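Counting starts at 1 for both ligands and their atoms, following the listed order. Everything numeric here is computed off the predicted structure, so don't read it as measured data.
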Amino acid sequence: MTASTSASASASPTAASPTEWWRSAVIYQVYIRSFRDADGDGIGDVAGIRERLPYLCALGVDALWITPWYPSPMADAGYDVADYRAIEPSFGTLASARSLITEAHALGMRVILDIVPNHTSDQHAWFQAALAAAPGSPERARYMFRAGRGADGAQPPNDWRSVFGGPAWTRVTEADGTPGEWYLHLFAPEQPDLDWEHPEVRAEFESILRFWFDLGVDGFRIDVAHGMIKDPALPDLGLDEEEILAPPASEDHPHWDLDGVHEIYRSWRAIADSYEPPRIFVAEAWTRNQERLARYLRADELHTAFNFDYLRAPWQAQQLRAVIEESIAAAASVDAPPTWVLSNHDVVRHVSRFARPQDGIPRHALTEIAALGAPDLELGTRRARAAALLMLALPGRAYVYQGEELGLPEVEDLPDAALQDPTWERSGHTERGRDGCRVPLPWRARPDDSTGFSIIPATAAPWLPQPDDWASWSEERQHDDPDSMLSLYRTALHIRRAHPVTDTSRLRWLEAPADVIAFERTPELACVVNFGADPVPLPDGAEVLLASAAGFTQDDPPTAIGPDEAIWFTPAGA
Ligand code: GLC
């Protein structure tokens with residue numbers, strides 16, 4: 001490898017305004033149920049997040065994204081919202097949420113919430129009213145109620161499938177006890193889809209946005225941002241099954257990524273921009289390609305979107321480099337920053353993804369990943385350490401999913417009886433679902449409190465069981481260990497902060513062999529990742545800043561980059 005450079009793709013090199021914090025922020029995802037339990041009931045809560053704010057601040061993240069904390073019957077772990085303007089009682093109170101926002105701001109961190117506009121809970125007042133009302137009533141018009149097919153209406157209106165398995169329609173029993181209409185639920189039956197053509201639905205969500213923005217919330221992650229508009233003809237799809245949260249299977253899909261969603265986001269953007277400082281959005285949008293994703297990021301729509309192509313990319317230099325180039329170019333075409341994410345609450349944790357042979361096929365669900373064989377967690381961890389340095393060196397915005405900074409693997413052997421993801425039941429016990437990445441975090445490593453999830457002695461076990469050896473990954477164990485994953489993330493985040501990128505639309509690649517990725521984040525900070533089987537020498541004159549390999553010290557820096565390792569360095573002459 002030489003330190004000479006090759007020019008990169010650059011669509012529109014508009015320098016980001018320094019006031020636009022969101023362009024290069026690192027956002028920490030708090031999956032509230034599993035983050036920190038303050039009251040000992042085995043369920044994470046708002047007070048638990050508040051207790052960990054100094055930890056997050058010391059880690060060096062810029063903002064938190066908190067997954068749904070609204071009252072919910074928890075049919076889908078909070079993504080079934082019964083009341084959008086309150087806090088789930090087992091999580092806390094509105095007063096406590098308000099304090100959290102104030103305290104995070106005082107520490108210089110922003111707070112992003114999760115809004116779930118595609119569907120409500122079946123316990124939401126609107127849906128309860130719809131069930132009580134008659135076919136054709138205004139109450140039913142806010143949801144997608146339709147007559148069934150067949151002479152007696154006993155067949156669902158079309159062949160759409162729920163993302164969690166089974167049909168996407170459920171038939172209701174009318175007030176007189178007869179089998180009645182069907183309602184659409186792209187997810188669980190407890191998550192009825194709203195009809196976004198209805199003006200009351202639009203007005204209600206605009207009002208919900210204002211409610212939280214008025215409370216000081218800095219932005220929203222939009223759940224299923226690509227799903228709200230459906231083809232009004234509700235045509236058959238002709239597919240046997242829908243893959244769980246994956247790019248749409250066909251080009252003219254009747255309910256994913258329809259052009260009509262963009263009008264909704266234009267009105268949301270106007271609301272966000274009317275605040276001082278302006279509030280921001282991030283889309284959870286599964287699209288066919290980066291070009292379709294960029295459409296959500298046009299100047300008058302959303303600010304950023306998750307980069308699921310990057311998340312799903314196998315640990316391979318060529319594929320990752322291609323995704324990086326394409327992501328930067330697509331985002332730059334609409335003057336948006338690229339974003340990078342390795343894990344979240346819906347996918348197998350990346351330590352465990354990378355612990356398997358990488359055959360080049362993008363995937364993220366447990367069943368398909370487990371089919372690749374038993375995990376080699378030592379290998380997965382080595383790659384995850386290198387992946388952290390790769391992601392955090394890239395220009396743009398990055399996401400850290402809680403526990404990734406502790407190097408947590410997926411818990412693949414949860415007992416069947418413990419599984420809570422609706423996917424498990426709805427797939428007829430063929431898909432184990434997403435619980436394995438949602439196991440409550442291990443904070444402490446004391447013999448009398450092996451889990452360390454709860455602040456006070458717990459009266460109930462964590463809502464998902466923690467593995468026996470979970471304490472070995474605890475924050476307490478890792479805190480002072482210079483070789484821990486936690487120390488690597490903390491150091492990397494602090495170095496990253498000292499090397500801000502103003503123009504996120506370009507990347508300066510360094511020449512490197514085919515199985516090596518090398519680039520400059522800034523003239524003073526370069527990153528090399530070795531995906532090959534042999535060590536790669538350091539560039540001449542490189543001053544190593546950080547290495548993913550355990551045992552790194554600045555006094556005795558490495559002279560080569562081993563397989564599945566990464567280093568950050570200052571190039572000679574910088
Ligand atoms: C999003 C969430 C996922 C949830 C689904 C339905 O994809 O990330 O956890 O199950 O939406 O709301």
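The shortest separation from a heavy atom of Arg438 to ligand 1 is under 4.0 Å, placing the residue in contact.
Residue-ligand proximity, Glu284 to ligand 1, at heavy-atom distances under 4.0 Å covers atoms 1 (C), 7 (O), 8 (O). The Arg434 neighbourhood of ligand 1 comprises atoms 3 (C), 4 (C), 9 (O), 10 (O), with distances under 4.0 Å to a heavy atom of that residue. Interface of His345 with ligand 1, defined as ligand atoms under 4.0 Å from a residue heavy atom, comprises 2 (C), 3 (C), 8 (O), 9 (O). Every atom of ligand 1 is numbered from 1 in the order shown, and the set under 4.0 Å from a heavy atom of Asp76 is 4 (C), 5 (C), 6 (C), 10 (O), 12 (O). Using a 4.0 Å cut-off to heavy atoms of His119, the atoms of ligand 1 that qualify are 6 (C), 12 (O).
No part of His226 comes within 4.0 Å of ligand 1, judged by heavy-atom distances. At a heavy-atom cutoff of 4.0 Å, ligand 1 is contacted by the side chain of Phe164 but not by its backbone.
The ring of Tyr55 has its center closer than 6.0 angstrom to the ring center of Trp443. Aromatic pair Trp212/Tyr84: centroids not less than 6.0 angstrom apart. The aromatic ring centroids of Phe213 and Tyr275 lie less than 6.0 Å from each other.
Listed by chain and residue number, Arg434 satisfy the salt bridge (Lys or Arg N to Asp or Glu O under 4.0 Å) test with Asp76 (two or more places apart in sequence, or in another chain).
Between Phe164 atom CZ and Glu425 atom CD the span is 13.5 Å, to the nearest 0.5 Å.
For residues 221-231, every residue pair satisfying the salt bridge (charged side-chain N to carboxylate O under 4.0 Å, His left out) rule, not counting sequence neighbours, is listed here: Asp114-Arg221, Asp193-Lys230, Arg221-Asp223, Arg221-Glu284.
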